[in-house]
Every structure is written in C-alpha cells, then in structure tokens.
Amino acid sequence: MENQFKNSSGNSSIETSNQFSNKKTNRLDSFVSISELHEEAKRLLPKMAYDYYASGSNDQITLAENENAFNRIKLVPRSLVDVSKVNTRTKIFGRDISTPILIAPWAMQRMASQRGELDTVEASKEFNTIMTLSSLSTTSVEDLSSATNGNPGWFQLYVFKDRKVSEELVKRAEAIGYSALVLTVDTPFLGKRTADFKNSFKLPNGLSLKIFERLMLSNLDGGLNQYFATMIDPSLTWNDLKWLKSITKLPILVKGIMCPKDAELALQYGADGIIVSNHGGRQLDTCPSTIEVLPYISKVVQGRVPLILDGGIRRGTDVLKALAFGANAVCIGRPIIWGLSTGGKDGVLKVLNLLNSELQLAMALTGISNISDINNSIIWDQNKYIKL
C-alpha cells in the first residue's frame with residue numbers, strides 16, 4: 001500500500017509514502033496499536049496505579065463489553081469512490097477541531113507521568129482537540145489554564161453534598177477560561193471496585209488532589225475512594241441540573257446517560273450536550289456497553305444537542321461506528337492513560353495520531369470523505385440486503 005494518511009493535527013489529506021515503513025526515529029514509533037501501548041503501560045506502572053486505571057467494577061463484565069460490542073458491529077466497504085482527500089475536521093459548540101476524538105476526564109494523571117494533566121492538555125492543544133479536566137486532578141484548574149493561555153478545554157464536575165464546594169469549582173473554572181462543564185451523573189455511590197479495595201488505593205507520596213487543596217481531601221493518606229464517596233450527594237436529581245445552569249453561563253454536558261428516558265429528561269432540564277457513558281465499566285456491572293445503547297439515545301436526541309460516546313474506543317473503526325450510530329464525537333480515556341504512561345506528552349500524541357489515522361483509513365475504505373457524510377448506511381445489516 002503506497003498511500004498514507006497524514007496523522008498529525010487532523011489535517012486529513014493523503015500523501016504518498018509507505019504506510020508500513022519500519023523506519024523508526026524514536027521509541028514510540030515501535031508501537032502500532034493501542035493494545036501495544038496498554039501492555040507497555042502495564043509494564044511501567046506500579047501495580048496500584050495500573051489497577052486503578054485499568055480495572056472496572058465487580059466481575060468487569062461491562063468493562064469487557066465496552067470493547068467487545070464494537071467487534072460485533074460490521075462495516076460495509078465501498079468501491080470506486082473518490083477518497084483522495086479525507087477530512088476528519090468537525091465542530092462542537094462552534095469550535096473547529098481536527099478530529100471527533102476528544103479526551104475524557106481521567107483522575108490523578110500524575111500517577112502516569114511526572115507532569116500528568118499538563119502533558120495531556122499540551123498534546124490536546126497541539127492536536128487541536130478538547131481535553132476535559134477531572135475534578136480529581138493532580139493538577140489545579142489554574143495551572144492547566146496557565147499552560148494553555150487561558151484556553152484549557154472543558155471541566156468535569158461532581159455535585160457534592162456541600163453545594164458551596166461545587167459552586168466554587170464552577171466559578172473558578174469559568175473565570176479562567178474553561179469553555180464547558182461536564183456534569184457526571186452516574187455516581188450516587190461509587191461502584192464496587194475490587195482492585196482498589198484490595199490495594200487500599202491511595203495517592204503516592206508527594207501527590208495531592210490539587211483542585212481540593214483547601215479541603216482535607218487533597219492530602220488524604222488512604223481510603224481515598226471511601227472518603228470521596230462521603231462527599232458525593234446521592235440525593236441528586238434533575239432539579240440540580242437546573243440549579244447548576246442558574247450559576248453559570250457555560251454549556252453543560254451531562255455525562256453518564258445510558259437510558260433513553262434519561263436522555264429525554266436531560267434535554268427537558270436544559271442539558272447542552274449528552275455523553276453516553278457507563279463510567280468506563282466502573283459503576284453498574286452487567287449494564288450494556290455504550291455503543292449498544294447509543295442508537296436508541298440518538299433517536300431521542302435527534303441532533304438537538306451534541307451527542308458524545310464514551311467507553312471502549314480502541315480503534316479508528318470504533319470511532320467510525322460510533323459516528324455512524326449518531327454520535328457527534330467520542331471520548332477516549334484509558335488509551336490516553338496508556339500513552340501518557342508510556343511517553344508523556346508524546347505518548348498522548350501517539351494515541352491521538354494512531355486513532356485518527358485509523359479513522360481516516362476506515363472512512364476511505366467505506367467511501368466517506370467528510371465527517372458530516374457519515375451515517376448508518378456503512379453499518380452492515382443483513383436484513384437490508386437479504387432480498388437483493
């Protein structure tokens with residue numbers, strides 16, 4: 001094969017070169033898939049940190065299904081279509097981005113690299129995509145904003161029992177340039193995460209939850225999950241989304257929607273975006289994969305707000321399938337952590353390049369040149385063709 005898709009900054013024309021050249025200029029060049037980066041991260045990370053990032057709840061059935069369900073969905077190849085220029089650029093909330101691949105909120109990234117969230121946000125800026133900063137970050141909202149000249153991306157939020165804590169976080173984020181809030185709604189209680197329990201998970205010495213520096217939680221020695229669980233408000237209802245909208249002008253995406261009825265309620269109560277997510281398989285085990293429920297939620301949303309899928313993305317073909325089922329974009333979490341653990345900022349860029357170049361190739365092989373042209377006609381459905 002003599003054509004290679006450009007895999008930097010999402011500029012998606014085709015250039016002539018050898019896609020499978022084995023010429024390597026740095027260590028990261030030897031990794032050709034997310035699974036290989038995962039194995040390297042597992043080798044490099046301390047067990048407690050790896051288990052925290054990698055594990056799910058209970059028997060981890062949903063964790064596995066998030067990936068496996070993608071493999072059961074088949075794509076339809078097309079022939080003799082001009083795909084000499086394949087463009088992955090898209091928009092969300094009016095912002096032009098190079099790819100529909102966004103970076104999900106992941107906690108405590110300085111367990112993965114010395115600079116943690118700073119590496120991730122710098123990679124996201126260089127690639128021209130959007131990172132969401134976790135509330136449980138080991139880098140402060142202010143430091144991330146400074147590193148990006150006041151344009152750090154989105155901020156993930158929990159509504160705590162003490163509403164003043166949540167309100168302060170919203171005000172801080174809004175004042176220093178965050179452009180949207182991602183409200184996590186699927187954690188009235190934390191899922192049973194056996195690995196963290198067995199490891200008595202705690203942050204390594206020298207790290208703290210920078211966003212909570214004014215609270216005891218930031219320097220907690222152990223039992224982090226248990227203590228954090230006491231802060232989460234299990235009485236949260238849709239009325240609290242109204243409250244949140246009353247204290248900010250930022251658009252609010254609701255993350256953790258897995259039921260079409262909840263998608264409709266989110267819209268009724270003013271959500272500006274919906275993220276289909278099961279918390280990476282870390283909450284209710286044996287619930288469906290996110291890609292399974294996406295088509296049903298897409299039917300409810302009908303393009304009224306941005307719809308994003310989170311969970312299980314490991315290949316560019318997975319991204320394409322999510323877009324075909326109605327998502328405007330996808331979020332990736334664990335792949336970013338594996339890249340960050342393996343190579344810091346360059347490792348994150350490696351992940352984004354891998355997935356986006358695979359997306360471009362999959363688009364070309366299904367006869368698609370632009371993100372806006374993707375629809376469910378590229379999904380193999382035997383019933384559509386059985387009478388031909």
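Quick note: numbers below take in every heavy atom, side chains included, and nothing from hydrogens, waters or symmetry partners.
- Two residues are said to be in side-chain contact when any heavy atoms from C-beta on lie closer than 4.5 Å; Asp143 and Lys210 fail this criterion.
- A side-chain donor-acceptor contact under 3.5 Å links Thr138 and Glu117.
- The closest side-chain donor-acceptor pair between Glu142 and Ser145, if any, does not fall under 3.5 angstrom.
- Considering only residues two or more places apart in sequence or on other chains, Asn68 meets the side-chain contact (heavy atoms from CB on, under 4.5 Å) condition with Ala64, Glu65, Asn71, Arg72.
- Side-chain contact of Tyr53 with His38: a donor-acceptor pair under 3.5 Å is absent, judged by distance alone.
- The line from CG of Leu157 to CG of Leu244 is 6.0 Å long, rounded to the nearest 0.5 Å.
- A distance of 9.0 Å separates CG in Leu267 from CD1 in Ile257, rounded to the nearest 0.5 Å.
- The line from NE2 of His279 to OG1 of Thr290 is 13.5 Å long, rounded to the nearest 0.5 Å.
- A 4.5 Å side-chain heavy-atom check between Asn149 and Asn151 finds every atom pair outside the cut-off.
- Remark: the Gln60 side chain and the Arg193 side chain contain no N/O donor-acceptor pair separated by less than 3.5 Å.
- For the residue pair Gln360 / Thr88, no side-chain donor-acceptor distance below 3.5 Å is found, with atom types taken as modelled.
- Residues forming a side-chain contact (heavy atoms from CB on, under 4.5 Å) with Asp59 (at least two apart in sequence, or on another chain): Ile61, Asp285.
- Note on ring orientation: taking the six-membered ring where Trp is involved, the planes of Trp106 and Tyr52 are perpendicular (angle over 60°, cut-offs 30° and 60°).
- When the side-chain hydrogen bond (donor to acceptor under 3.5 Å, both in side chains) test is applied to Asn58, no partner is found at least two apart in sequence or on another chain.
- A donor atom on one side chain and an acceptor atom on the other are found under 3.5 Å apart for Ser84 and Asp82.
- Distance CG/Asp373 to CD1/Ile368: 7.0 Å, rounded to 0.5 Å.
- Residues Thr187 and Gln283 bring no donor and acceptor atom of their side chains to less than 3.5 Å of each other.
- In summary, of the residues considered (Asp310, Asn66, Asp186), a side-chain hydrogen bond (donor to acceptor under 3.5 Å, both in side chains) with Asn278 occurs for Asn66 alone.
- Here the side chain of Asp29 pairs a donor or acceptor atom with the backbone of Asn26 at under 3.5 angstrom.
- Contact of the Trp243 side chain with the Ile247 side chain is registered, since non-hydrogen atoms from C-beta on lie closer than 4.5 Å.
- Put simply, OG on Ser33 and CZ on Arg314 are 11.5 Å apart, with the number rounded to the nearest 0.5 Å.
- Cluster partners of Val182, by chain and number: Ile92, Phe93, Ile97, Leu102, Ile130, Trp154, Leu253, Ile275, Ile308. The rule joins Ile, Leu, Val, Met, Phe, Trp and Tyr whenever side-chain heavy atoms lie under 4.5 Å apart.
- Listed by first and then second residue, the side chain to side chain donor-acceptor pair (under 3.5 Å) pairs that reach into residues 336-352 are Glu126-Lys345, sequence neighbours excluded.
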Only distances under 3.5 Å count here; give the side-chain donor-acceptor pairs of residues 320-332 to other protein atoms, sequence neighbours excluded, each with its distance to 0.1 Å.
{"from": "Lys321", "atom 1": "NZ", "to": "Phe70", "atom 2": "O", "distance (Å)": "2.8"}
{"from": "Lys321", "atom 1": "NZ", "to": "Ile73", "atom 2": "O", "distance (Å)": "2.8"}
{"from": "Asn328", "atom 1": "OD1", "to": "Leu307", "atom 2": "N", "distance (Å)": "2.7"}

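- Side-chain atoms of Thr248 and Glu174 include a donor-acceptor pair closer than 3.5 Å.
- For the residue pair Glu358 / Thr317, no side-chain donor-acceptor distance below 3.5 Å is found, with atom types taken as modelled.
- Proximity of a side-chain donor or acceptor of Ser166 to a complementary backbone N or O of Tyr158 within less than 3.5 Å is detected.
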